[in-house]
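Report on the structure given below.
Each chain gets a letter, A, B and so on, in the order the sequences are listed, and its residues count up from 1.
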2 protein chains.
Amino acid sequence: MAATSTRRSYDQYCAVARALDVVGDRWTLLIVRDLMLGPKRYKELLEGLPGIGTNLLAARLRELEAAGVVERGVLPPPAASAVYQLTEIGAALQPVLIALGRWGGRHFLRERRPEDVMVPAAYFVAMRSSFKPEHAEGVRERYEFDIGDRVFEVSVDGDTFSTGEGRTQTPDALFTMDVETLNALLLEGLTASEALAAGRVAVSGDAEALERFTRMFVIRPPAGLTG
Amino acid sequence: MAATSTRRSYDQYCAVARALDVVGDRWTLLIVRDLMLGPKRYKELLEGLPGIGTNLLAARLRELEAAGVVERGVLPPPAASAVYQLTEIGAALQPVLIALGRWGGRHFLRERRPEDVMVPAAYFVAMRSSFKPEHAEGVRERYEFDIGDRVFEVSVDGDTFSTGEGRTQTPDALFTMDVETLNALLLEGLTASEALAAGRVAVSGDAEALERFTRMFVIRPPAGLTG
DNA sequence: CGGAATCCTCTTCGATACTG
DNA sequence: CAGTATCGAAGAGGATTCCG
């Protein structure tokens, strides 16, 4: 029973303080960020959060589970491994992550520091706040992204869409690229045609799809482009 | 030089992680919450954050200032005292606080625990997410709230409004009540007429104003009321 | 092998005391 | 009033070990 449950609280009857009691601890919102893309095993979470330390991850998951933000689940066969996933309450944190991301992205993501690691999952969460439905009219397709050793899925159906981690059954296009290229496409104004011409992206399936994807999901558009 | 500047970072090139590098430390977002209502002196901040400890408040203000979220200012004469206030970047955190507050309020503010303190300022921040412009058409007036020993102002002009701490020049109505009553009006369905009949609110000025105020700003409306 | 509990060191927190 | 100095307690981070 060394696993003490001395949850520290601000002890204020205030909605913001209560929220911070639950998700205000170090690492907690980054765990939630990674879980937004679907159920994850302990090991996957550990990999996506360099520096967290195994005891701390276990403690945070325990706290989030106790608060009803996260629950343990079992993947459908044949995987059948234990995973952590967001509850409905946990999924309701998406507006918090989007607001934080907008603010942090606008004011503090200017330069890339040498010690920064690039986490592929972060981009697929960021896409949830950069989707432009006006560029998705009539689009109905699924993309698979192979980024290093991780696989992500983006699905668009008119004005609705989803992003997640995991393999797609039958994608309309499969993109293979490194995280640097994904970053350049979404944040640094690299265009789809430039990326393809430079061989930075390999496409399997519809070759036009990458251009549609960037139009719908780019975060910082290329300079000099209007509309 | 004990005041080390070893800001801990997640070292991720991710907008959410960067935001948390700046405002993810303990107490930081609660300091920002209090500053949303206007410039504050060190002492005022300390009072609004029971339990923070003076060294920690000083450290947080130093970090926020270094990050460009907070700046030192001087109140206009005759007060002329040194204050802390949000910069434009700091004020841009309002959507984060609103998202956190909505989430915390909906899922974790059910019961009031005996150890909870009630912070008047929190309600005037919460009003920024509960304002209903459809109930403010044609309304153009200022209210002053005297809650215990603190004074707040709410100003409405059609579909725009503001809330802040400090005395109002010429309010159209002045309400004196305790924080319990404010809580009951906004969260527990106490109606303006009930509060007035029970003598829980003293009004100076337009007696109808309290009813208009609750219509525009109530957070959890009284049960059984539609529209 | 994935999923943690344990141990150890270092930093941070929180409270009080103290100073310009 | 506005902080700095100090110190015990708690939390973070890393390595290792244990358990199924």
*Using a cut-off of strictly less than 4.0 Å, decide whether A:R62 has a side-chain nitrogen or oxygen near OP1 or OP2 of C:dA4.*
no
*Can you check the A:D25 CG to C:dC13 C1' distance for me, whole Å?*
12 Å
*Is any NZ, NE, NH1 or NH2 atom of the basic residue among B:R112 and B:E180 found under 4.0 Å from an Asp or Glu carboxylate oxygen of the other?*
yes
*Grab the CZ-C1' distance between A:R60 and C:dA5 for me, whole Å please.*
16 Å
*Round to the nearest Å and state the distance from A:I52 atom CD1 to D:dA15 atom C1'.*
16 Å
_Output the rounded distance in Å from CG (B:L49) to P (D:dA2)._
14 Å
*asked:* Between the base of D:dG14 and the side chain of A:N55, is there a donor and acceptor pair under 3.5 angstrom?
replied: yes
_What is the separation between atom CG on B:L56 and atom P on D:dA10, rounded to the nearest whole Å?_
17 Å
*Below 4.0 angstrom, N of the basic side chain to O of the carboxylate: do B:D172 and B:R142 qualify?*
no
*Closest to the A:R8 side chain: C:dT12, D:dG11, C:dA4?*
D:dG11
*Among A:T168, A:D206, A:V154, side chain to side chain contact (heavy atoms under 4.5 Å, CB included) partner for A:Y143*: A:V154
*Out of D:dG3, C:dC13, D:dA12, which has the shortest distance to the side chain of B:Y84?*
D:dG3
*Under 4.0 angstrom between B:R26 side-chain N/O and C:dG14 OP1 or OP2*: yes
*According to the interplanar angle, ranging from 0 to 90°, do the rings of A:F131 and A:F217 count as parallel (below 30°), tilted (30 to 60°) or perpendicular (above 60°)?*
tilted
*How long is the line joining CG of B:D11 and C1' of D:dG13, in whole Å?*
13 Å
*asked:* As a test of reading the structure: which of D:dG13, C:dA17, C:dA4 is closest to the side chain of A:T54, going by heavy atoms?
replied: C:dA4
*asked:* For B:Y10 and B:D21, which I'm curious about, is there any donor-acceptor pair between the side chains at under 3.5 Å?
replied: no
*May I have the distance from B:W27 (atom CH2) to C:dC13 (atom C1'), rounded to whole angstrom?*
10 Å
*Given atom CD of B:E44 and atom P of D:dA2, what is their separation to the nearest angstrom?*
8 Å
_Contact nearer the 5' end of DNA chain D, comparing B:K43 with A:P50_ = B:K43
*Given C:dG3, D:dT4, C:dT12, which nucleotide is nearest the side-chain atoms of B:Y42?*
D:dT4
